[in-house]
Amino acid sequence: MTTSMGEFRSRVLDLVARIPVGRVMTYGQLALLAGSAGNARQVGFIMQGLAESELPWQRVINAQGAISTYKVGFGETQRALLEAEGVSFDESGRCDLTRLQWWPDREDEQPALL
DNA sequence: GGTCTGACCAGGG
DNA sequence: ACCCTGGCCAGAC
């Protein structure tokens with residue numbers, strides 16, 4: 001079964017759209033759940049340009065619980081958006097993934113934001 | 001085809 | 001906790 005890049009991309013975006021307010025997912029986690037384990041870097045590429053979209057792009061962070069977008073110029077914006085929905089960061093710029101990382105399951109569904 | 005790059009990651013020292 | 005390494009793989013020359 002081959003998963004085309006187009007399918008991968010749309011699965012990633014579907015997942016991002018479902019992340020509840022105040023929760024986060026990581027690049028690697030999205031790659032895994034979208035059917036391309038180990039392809040975290042491609043998720044980063046897919047996220048390019050989503051800052052102007054309606055998607056909650058700010059809820060995607062790296063596996064250390066930190067923001068990865070400073071190098072692309074969106075870091076401050078992302079942090080502000082997350083803090084505005086209740087996510088707090090420690091001195092080293094990390095949030096508590098054990099508490100905030102969201103894994104899709106039937107009980108914890110939220111209305112899609114699309 | 002080859003080579004470089006990257007909103008990444010896990011593991012090891 | 002930090003830094004480094006190697007792995008990852010699609011895009012863009």
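Chain naming here is simple, since letters A, B, ... match the order of the sequence lines and numbering starts at 1 in each.
Using a distance-only test at 3.5 Å, with no hydrogens or angles considered, a donor-acceptor pair links the side chain of A:Asn62 to the main chain of A:Gly65. Formation of a donor-acceptor pair under 3.5 Å by the A:Thr69 side chain with backbone atoms of A:Gly75 is found in this model. Formation of a donor-acceptor pair under 3.5 Å by the A:Arg94 side chain with backbone atoms of A:Ala66 is not found in this model. The backbone N or O of A:Asn39 sits nowhere less than 3.5 Å from a side-chain atom of A:Ser36 that would complete a donor-acceptor pair.
Note that the CD1 atom of A:Ile61 and the CG atom of A:Leu82 stand 7.0 Å from one another [nearest 0.5 Å]. Summarising the geometry, atom CH2 belonging to A:Trp57 is positioned 8.0 Å from atom CE belonging to A:Met47; distances are rounded to the nearest 0.5 Å.
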Next item on the list: Would you please test A:Arg59 and A:Glu85 for salt bridge (Lys or Arg N to Asp or Glu O under 4.0 Å) and show each step?
Entry: CA-CA 10 Å; A:Arg59 298 177 193 148; A:Glu85 47 187 73; 2.7 Å; yes
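A pairwise comparison of heavy atoms in A:Ser88 and A:Cys95 identifies O-CB, 3.3 Å as the closest pair. Taking every heavy atom of both residues into account, A:Thr3 and A:Gly35 meet most closely at OG1-O, 4.4 Å.
Backbone-only engagement by A:Arg94 is indicated by non-hydrogen atom pairs under 4.0 Å involving sugar-phosphate atoms exclusively.
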Notebook entry, point to check: For DNA chain B, what string of dots and brackets results from 5' to 3' when Watson-Crick and G-U pairs need both distances under 3.5 Å, crossing pairs get [ ], and pairs with another strand get |?
Noted result: .|||||.||||||
What does the list of N/O pairs under 3.5 Å between the protein and nucleotides 4-6 of chain C look like, with a distance for each?
none

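Two residues are said to be in side-chain contact when any heavy atoms from C-beta on lie closer than 4.5 Å; A:Ile19 and A:Val24 fail this criterion.
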Notebook entry, point to check: Can you give one letter per nucleotide of nucleotides 2-13 of chain B, going 5' to 3': B for a protein heavy atom under 4.0 Å from the base, S for sugar-phosphate only, - for none?
Noted result: ----BBBSS---
